[in-house]
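Input: a single structure, listed below in structure tokens.
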Protein chains: 2
Amino acid sequence: MRTAKSPSFQPLYIQIKTLIVDSLDAGEWRPGDAIPSEIELAARFRVSQGTVRKAIDALAAHHLVVRRQGKGTFVATHTEEKASMFRFLRIRRNDGRAEYPASRLIDVRRARAPAETARLLGLKTGEPVIVLRRVLEFEDAPVVLDEIVLPAALFKGLTRAKLEAYRGSMYSFFETRFGVRIVSAREKLTAIAADAATAQILQLRPGDPLLAVERVTSTYGDRPVEWRRGLCSTRHCYYVNELR
Amino acid sequence: MRTAKSPSFQPLYIQIKTLIVDSLDAGEWRPGDAIPSEIELAARFRVSQGTVRKAIDALAAHHLVVRRQGKGTFVATHTEEKASMFRFLRIRRNDGRAEYPASRLIDVRRARAPAETARLLGLKTGEPVIVLRRVLEFEDAPVVLDEIVLPAALFKGLTRAKLEAYRGSMYSFFETRFGVRIVSAREKLTAIAADAATAQILQLRPGDPLLAVERVTSTYGDRPVEWRRGLCSTRHCYYVNELR
DNA sequence: CAGTGGTCTAGACCACATC
DNA sequence: ATGTGGTCTAGACCACTGG
């Protein structure tokens with residue numbers, strides 16, 4: 001463990017944090033598993049428990065791990081309770097009812113990445129991707145039309161059948177079936193007019209306003225692994241955001 | 001300082017944090033000022049420096065204060081650099097140029113709070129409010145039409161002339177002229193069709209899609225002090241959001 | 001130089017979960 | 001009873017700022 005001053009000096013706890021992220025990235029501990037206790041990690045890295053604690057605090061603040069007093073520290077997962085399954089879903093019902101949407105798959109196809117998508121995903125133009133479309137529904141009322149683009153190399157063997165057989169959220173599916181763990185996303189929101197095809201799917205009229213949510217989703221180290229665009233009817237829903 | 005166990009037990013550093021927020025709320029230190037050093041605060045509250053540090057860490061994480069190594073800890077302000085003046089502005093230009101918008105005031109009037117607005121602001125229906133409208137412009141191109149509702153009791157003496165004479169952001173104005181300090185906000189986003197009047201102001205056609213951003217803004221202790229709705233043309237701009 | 005926040009350590013004790 | 005994370009303390013030293 002480097003502690004001396006140097007041009008590229010970083011505090012010990014940041015170095016420890018990086019080492020833990022590396023282990024998460026390498027799959028040393030799986031989502032939902034406990035990572036070693038603070039005392040064990042302190043021994044492994046030859047630092048004090050307080051330094052490990054500060055590293056883990058930073059990881060917990062970014063939701064890479066979850067601390068549970070008396071039990072341990074666990075790798076964050078999209079698989080367990082609803083709250084963590086839908087951590088990235090910002091759509092809420094106008095009537096305030098806390099309901100999570102159902103997903104209905106429209107189609108899955110193979111394609112080659114267009115230039116712009118490739119750039120956002122860190123691929124070369126024309127690399128193979130999987131494109132899927134789905135509708136999110138609240139009580140059978142369609143609300144969001146999603147188009148999702150995935151690098152084929154990361155999601156080998158993804159088929160319509162497997163996705164339809166899966167019970168759980170999209171990111172739970174990524175994590176469980178492909179070992180792709182989602183940790184952050186960056187979204188751009190705009191308002192657009194519905195085209196005829198979208199209007200039909202969302203039971204609107206062409207030209208009706210839609211909230212367009214473009215998202216680049218990343219795994220550990222901010223490596224992008226998914227691009228998606230959701231077209232959202234906001235007649236009965238809205239997008240919520242907290243600013244601090 | 002209570003340290004014993006009790007039904008309403010709170011960790012010491014949380015109690016300290018609450019005391020510091022109370023002082024901020026009471027105006028003991030003004031925005032931009034340094035608060036006392038960690039050592040002084042530790043002496044005042046009869047706790048260790050480490051406990052004060054943890055309290056201040058929590059305040060800094062929520063942007064109520066800003067730490068500067070070697071100099072001190074300062075009360076957060078919307079008045080100084082651009083980055084802090086526009087901390088709550090999530091609108092970005094499509095072309096990526098990092099420009100901040102100019103504000104052009106349309107009108108200022110007195111009114112009585114409608115039921116829904118009153119509820120959101122914690123007022124009684126019909127209490128006096130100030131309603132102002134303005135346009136945000138990038139390089140003279142109108143992008144956002146804002147309608148802003150303020151409790152008249154908190155903003156006594158706000159006039160069109162004073163607002164137009166002020167150089168700086170809206171929240172800087174609140175803070176400097178009325179001692180109203182903005183610390184958090186909750187937004188709801190929808191897509192709507194432009195009406196004729198809005199379309200004219202934003203140089204669009206009636207029916208064009210707009211991003212509607214409704215915001216309730218709060219001061220210390222999550223007490224709401226502003227309601228606003230921004231109608232945003234997203235032809236040349238978008239709303240950005242980070243999810244973690 | 002003195003004063004500030006930032007890091008790191010070691011140890012004590014508390015709160016919670018499990019056996 | 002044991003092991004986990006959570007709090008609190010005291011002290012040493014580092015890094016940055018400004019007189």
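In the text below, chain A, chain B and the rest are named by the order of the sequence lines, each starting its count at 1.
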Phosphate-side-chain proximity, [X] and [N], N/O vs OP1/OP2 below 4.0 Å:
| X | N | value |
| --- | --- | --- |
| B:S37 | C:dG3 | no |
| A:K71 | C:dT18 | yes |
| B:Y13 | D:dC8 | no |
| A:R53 | D:dG6 | yes |
| B:K54 | D:dT7 | yes |

Protein-nucleotide distance ([X], atom [atom1]; [N], atom [atom2]), rounded to Å:
| X | N | atom1 | atom2 | answer |
| --- | --- | --- | --- | --- |
| A:Q69 | D:dG3 | CD | C1' | 12 Å |
| B:I16 | D:dT9 | CD1 | P | 8 Å |
| A:Q49 | C:dT9 | CD | P | 11 Å |
| B:I35 | C:dT4 | CD1 | P | 12 Å |
| B:Q10 | C:dA15 | CD | P | 14 Å |
| B:F9 | D:dG6 | CZ | C1' | 9 Å |
| A:L41 | C:dT9 | CG | C1' | 17 Å |
| B:D33 | C:dT4 | CG | P | 16 Å |

Quick one: label A:E38 by what it contacts on the DNA or RNA (base, sugar-phosphate, nothing), any heavy atom closer than 4.0 Å.
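Sugar-phosphate contact only.
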Look at all strands and tell whether B:R68 reaches a base, only sugar-phosphate, or nothing, counting heavy atoms closer than 4.0 Å.
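Sugar-phosphate contact only.
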Per [X] side chain, nearest of listed nucleotides [options]:
| X | options | answer |
| --- | --- | --- |
| B:S48 | C:dG6, D:dC8, C:dT18 | D:dC8 |
| A:E40 | D:dC16, C:dT9, D:dT4 | D:dT4 |
| A:R67 | D:dT9, C:dT4, D:dG5 | D:dG5 |
| A:T51 | D:dT4, C:dG5, C:dC8 | C:dC8 |

Aromatic rings B:Y171 and B:F88: how do their planes relate, parallel, tilted or perpendicular, breaks at 30° and 60°?
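Aromatic pair B:Y171/B:F88 classed perpendicular.
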Cationic tip of B:R93 above B:F138 ring, under 6.0 Å, 45° of axis:
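Checked: cation-pi criterion met.
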Find out whether the Lys NZ or Arg CZ of B:R181 is both under 6.0 angstrom from the six-membered ring centre of B:Y220 and within 45° of the ring's axis.
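Not satisfied by the 6.0 Å and 45° rule.
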A:P11 or A:G70: which one's nearest nucleotide on DNA chain C is closer to the 5' end?
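First, find each residue's nearest nucleotide; the 5'-ward one identifies A:P11.
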Check whether A:E137 reaches the backbone of A:R104 with its side chain - one donor and one acceptor, N or O, closer than 3.5 Å.
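Judged by distance alone, no pair lies under 3.5 Å.
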Without swapping roles, check the side chain of A:D146 against the backbone of A:I148 for a donor-acceptor pair under 3.5 Å.
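Here the side-chain-to-backbone pair does not exist.
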